[in-house]
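Structure, as structure tokens:
Throughout, a chain's letter reflects where its sequence line sits, starting with A, and its residues are numbered from 1. Please read all numbers here as calculations on a predicted model, not as lab measurements.
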Number of protein chains: 2
Amino acid sequence: MIDQRLITLRVFARCGTVGATAELTGYSPSAVSAQLRELQRVLGMQLLTKDGRGVRLTATGRFLVAGSDTLIAEWESLRAAAMEAGDQVQSRFGLGGFSTAAAQLLAPLAATLRSTRPLLEVQVLEANPARCFDLLVAERIDLAVIVAMQSDTYVEDDPRFEQTVLLDDPLDVIIPADHPLASRETVTLEELASEPWITEAAGSTYHSLFTAAFTAVGVTPRIAHEAVEWETQIAFVGAGLGVGLLPRLAPLRSAENVVRVRITGKGRPARRIVAAVRRGSIASPLIQESLGILQARANRILAARPEDDL
Amino acid sequence: MIDQRLITLRVFARCGTVGATAELTGYSPSAVSAQLRELQRVLGMQLLTKDGRGVRLTATGRFLVAGSDTLIAEWESLRAAAMEAGDQVQSRFGLGGFSTAAAQLLAPLAATLRSTRPLLEVQVLEANPARCFDLLVAERIDLAVIVAMQSDTYVEDDPRFEQTVLLDDPLDVIIPADHPLASRETVTLEELASEPWITEAAGSTYHSLFTAAFTAVGVTPRIAHEAVEWETQIAFVGAGLGVGLLPRLAPLRSAENVVRVRITGKGRPARRIVAAVRRGSIASPLIQESLGILQARANRILAARPEDDL
DNA sequence: CCCATCATGCACCCTTTGTGCACGGTTATC
DNA sequence: GATAACCGTGCACAAAGGGTGCATGATGGG
């Protein structure tokens, strides 16, 4: 209900370039350029300035974007309240999530909604957490399930979003089946200090989680290999190249020649999985129902775990 | 910046029929109907119900319209603040006003703005007070100068508007030049009680002001004739048909065989002239400048009056 | 019982809006 | 210092959304 051009401006404010804005919103760069030009004409404000080979927000532009946060939240709140008051159904619902979160939480949610609300058009987008926030701003999705890193750019009280913790997902260590530690029930990080490690590339979200866990216990592990996908990492471990961290929610097929061992003791790494929505929209019946389903799913997952892991 | 369809819904909420909404917004009835249908589709809410040969807002619709007041105000406030912060100029500026108010206040304002801001497109619409409020809601105008009747539907703290008193305009009595009272400096309502009166039609804004003034002093005057335009009324008085009330701001040509006499004493009728803007927009530099010009003009008018009339 | 009024659907049209490509300008790299 | 890569923008073209005018159906008043 807020003008699309203002939404586009907000997306631009997040990513800084016309091209990226186009990619996020689904428009072409020309369209974004035209929208921003048109917005300036309608409002009679200069919002952008040339800056090198790109464009940059003017002070007025930044002011407008900053102020629009409450406007968007106000609208979301109004829409949610009207939905609630009139017991209405909305027609489109966009979900976003990250790999395992999407598989374990979003897929069941989408399936449930598909059965309880047959005429609701549910769309699921797999995207990393940062992109999920961008997609929320761009109004491509309405709810995101993401992993929140404490070391990340994650800000709990961002005026644009409201976040709900679903569960903490501990990271296990995966070990070759013929490794001496493979038969253990649990293991500590100290015991794993001398192992060759397989991690994601430096700078990725999980890599920072990895280093944070080991600095907590005061050892610096040796990184032997890097992998991008969990599957690749598992294959590396299965080939005896080293050990690696794997979130509890990530599935591990039995035929992989790899075993999963729980980590105990100090510095035990975990990722926090949260649901994020645009501020104001949390009162919407559909969002409420979805959060309920997600929470129930999260509780079922927690209930299936050994007690010392809760 | 708020979706046009929501603006249309708000106008509909004020006037109740699609046809009237079309007339006010400048669209065709079909377009209004399509917009409202589209709005319901996009929001997934049922906002309208058939009601006899017309349509009526549902509870959800009323809720949405009521809640949108703050949304609109928030946007106006944001726009005004951005204008202020960036020292920007807006391109279009719509003014609305009522007969003498338009002539005495709006015309000078428009002329001043035309010279101080040459590239500002100023548009003046003459319309009665009620319509001015509608035009503000429909965003056809940005500022209205209207007469506020205490007996009117005028509500000072309407969440949609902000109002500023410009001046109180007393009503004089106009008398045939050969009338015994014509040579007086001032006259009281009691002295005029037995005269035949010429007023506007019952139900009009000025008629209610007329009756209110006389009930205050406890007499019921005799209404001999009715006129719609000031010019007609003046002509009637000039023909010796009776006496009438004329606002101080309404011009009286000397060749009319009619004299204007000030009214003193209890129940002295006056109309209050106020400027109205959409709530939130009052901080806009252009609005501020306009209000300043209007206030200055009002002060000049007040300064030219006899002291006992202030 | 007929007519006035009101909303809506439909066909047509036009303005708006988005796309794809080429261009000019700027920065980084070798 | 030349070249390549990148970024935003303008233009021609195409698609679609949105508006108009008229006809239709429904309803209430005289």
- Can you check each nucleotide of nucleotides 16-30 of chain C against protein heavy atoms at under 4.0 Å and return B for base, S for sugar-phosphate only, - for none, in 5' to 3' order? --SBBB---BBB---

- Query: CD1 of A:I282 to OG of A:S290: how many Å apart, nearest 0.5 Å?
  - Reply: 11.0 Å

- side chain to side chain contact (heavy atoms under 4.5 Å, CB included) evaluation trace for B:L6 with B:L71: CA-CA 11 Å; B:L6 184 60; B:L71 190 71; 4.3 Å; yes

- Item | Below 4.0 Å: OP1/OP2 of D:dG10 and any side-chain N or O of A:R37 | yes

Please report the distance, rounded to the nearest Å, between [atom1] in [X] and [atom2] in [N].
X: A:Q40; N: D:dG8; atom1: CD; atom2: P; value: 14 Å
X: B:R41; N: C:dT8; atom1: CZ; atom2: P; value: 16 Å
X: A:L36; N: D:dG8; atom1: CG; atom2: C1'; value: 11 Å
X: B:R56; N: C:dC6; atom1: CZ; atom2: P; value: 17 Å
X: B:L48; N: C:dT8; atom1: CG; atom2: C1'; value: 12 Å
X: B:E23; N: C:dC6; atom1: CD; atom2: P; value: 12 Å

- Taking all heavy atoms of A:V18 and all of A:S33, pick out the closest pair and write down the distance.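 Scanning both residues completely, I find the closest heavy atoms to be CG1-N, 4.2 Å.
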
- Message: Once salt bridge (Lys or Arg N to Asp or Glu O under 4.0 Å) is applied, what residue pairs with a partner in residues 10-20 of chain B remain, sequence neighbours excluded?
- Response: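 Found B:R10-B:D69, B:R14-B:D134.
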
- Task: Please say which of A:E76, A:E162, A:E74 ends up in a salt bridge (Lys or Arg N to Asp or Glu O under 4.0 Å) with A:R278.
- Result: A:E76

- Item | Qualifying residues under ring pair (Phe, Tyr, Trp, His ring centres under 6.0 Å), relative to B:W197, sequence neighbours excluded | B:F210, B:F214

